Asks: 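Below is one structure. I have some questions about it.
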Amino acid sequence: MKCWICGKEAVYKNPQNDKALCSFHFKKYFERKVFKTIRKYEMIQPNDKIAVAISGEKDSTVLLYLIWKFTSKYGQKVFAFTIDEGIGDYRKKGIMFAKKIAEKLGIEYHVFSYKEEFGYTLPEILKFSKEPPCRICGILRRYLMNKKARELGATKLATGHNLNDEAENILLNVLRGKIIENAKLGPVVGVKLHPKFVRKIKPLYFINSEEVKLYADLNGIEYYSGHCKYRNDSFRYRIRKFLEEIRKEDPGVLNKIVNGNLEVIPILKKNYKGGKIKTCKICGEPSSRDICHVCKILKKL
Ligand code: SF4
Ligand code: ZN
């Protein structure tokens, strides 16, 4: 397999057009695609302060590297943080890798834990809850990411969500009978605004998981490749496995799902009647109800 641009040995074949690329041209293609997404969706403005949520795994580590590369041209402020759910060794190792790349790039880095913020680690909370681990974990993480990004003065919160994640999100909503929720997805998140919400941006939105891994490996970016012990129990994991199967027959299926959803988002948004975003009466954070999900979870403990 040869690079279609220069004829050197190829390391990658584009699932959408079957074109092969060598290491040099793959890196160029990858960066151009991410930076184009940032520009097209106006993710980063000149005066932004960007918080990057980083787990130490490949997606967020590559994201931090690319945000650093993008902003070093334009001078926006960047800091990174990891949310520590208290999941033993898994999170400790992730933090090691996250801290290492932040230090290497000279980026301010923080760790915020469920234990310090909520009084309990995720495994402690799960002893009292019948809800699936990832559901509780996701609610607490989204809450803490938004709160900490805002408290540190961020105007944007960048996350490492990639094409696979977004395709999974779309299918999850469909299979749960909540297609209208797909209106809330997209490269820049938030149908409705609340003064305490920090806009979420997803620069890796059109990049699939294998491309991220290849880019990390070709650039010598170190990342943690362990997995959370709760992952395999989640519905999302089953959808991931299902999509892996479909991709063997149709390598471009992720793009089809995500691009298809982008086409219907404007229609869904027109009809999206979701309630007004309120302010939680207990903690003061944005919430769809009088008492937010997090305060409800914590009240039961
Ligand atoms: Fe949390 Fe689930 Fe991710 Fe584990 S796999 S960190 S429980 S969301
Ligand atoms: Zn609350």
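Since we're looking at a predicted model, the values are computed, not measured. Both counts, for ligands and for their atoms, begin at 1 and track the order of listing.
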Asks: Side chains of Lys58 and Ser209: any donor to acceptor distance under 3.5 Å?
Replies: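 There is such a pair between these side chains.
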Asks: Specify the protein heavy atom at minimum distance from atom 2 (Fe) of ligand 1: its residue, its atom name, and the distance to 0.1 Å.
Replies: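 Atom 2 (Fe) of ligand 1 sits closest to the protein heavy atom Cys134 SG, 2.3 Å.
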Asks: If we only consider heavy atoms of Arg141, is any one of them less than 4.0 Å away from an atom in ligand 1?
Replies: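 Flag set, Arg141 near ligand 1.
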Asks: About how many Å separate NE2 of His110 and NZ of Lys148, when rounded to the nearest 0.5 Å?
Replies: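 Result: 10.0 Å between the selected atoms.
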Asks: State whether the side chain of Asp250 and the backbone N or O of Ile246 hold a donor-acceptor pair below 3.5 Å, judged by distance alone.
Replies: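 Not at all, since once roles are kept as given, no pair shorter than 3.5 Å links the two residues.
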Asks: Taking the Zn ion (ligand 2) as the vertex, what is the angle from SG of Cys295 to SG of Cys292, given to 10 degrees?
Replies: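 Answer comes to 110°, rounded to 10°.
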Asks: Hey, is the main chain of Val258 close enough, under 3.5 Å, to the side chain of Asn261 for a donor-acceptor pair?
Replies: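 Pair absent, no side-chain N/O of Asn261 close to backbone of Val258.
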Asks: For atom 4 (Fe) of ligand 1, find the nearest protein heavy atom and state the residue, atom name and distance (0.1 Å precision).
Replies: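 Closest protein heavy atom to atom 4 (Fe) of ligand 1: Cys228 SG, 2.3 Å.
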Asks: Indicate, as side chain, backbone, both or neither, the part of Glu85 found under 4.0 angstrom from ligand 1 when only non-hydrogen atoms are considered.
Replies: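 For Glu85, the contact with ligand 1 is made by the side chain alone.
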Asks: At the Zn ion (ligand 2), what's the angle from Cys280 SG to Cys283 SG, rounded to 10 degrees?
Replies: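 Here the angle at the metal atom is close to 110°, to 10°.
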Asks: Rounded to the nearest 0.5 Å, what's the gap from CD1 on Ile257 to CG on Leu243? Could you check?
Replies: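 If we round to the nearest 0.5 Å, Ile257:CD1 and Leu243:CG are 5.0 Å apart.
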Asks: Considering only heavy atoms of Tyr230, which atoms of ligand 1 have at least one such atom less than 4.0 Å away?
Replies: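 Reading through ligand 1 atom by atom, the close ones are 7 (S).
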Asks: Which of the numbered atoms in ligand 1 are under 4.0 angstrom from any heavy atom belonging to Leu122?
Replies: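 The atoms of ligand 1 under 4.0 Å from a heavy atom of Leu122 are 7 (S).
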Asks: I want to know whether Tyr29 and Tyr12 have ring centres closer than 6.0 Å.
Replies: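 Yes, the ring centres sit under 6.0 Å apart.
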Asks: Can a side-chain donor-acceptor contact be found between Tyr223 and Asp217 if the only test is distance below 3.5 angstrom?
Replies: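 Indeed, the side chains of Asp217 and Tyr223 share at least one donor-acceptor pair under 3.5 Å.
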Asks: I'd like the name of whichever of Ser234, Ser55, Cys137, Gly138 reaches closest to atom 1 (Fe) of ligand 1 through any heavy atom.
Replies: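 Looking at heavy atoms only, Cys137 sits closest to atom 1 (Fe) of ligand 1.
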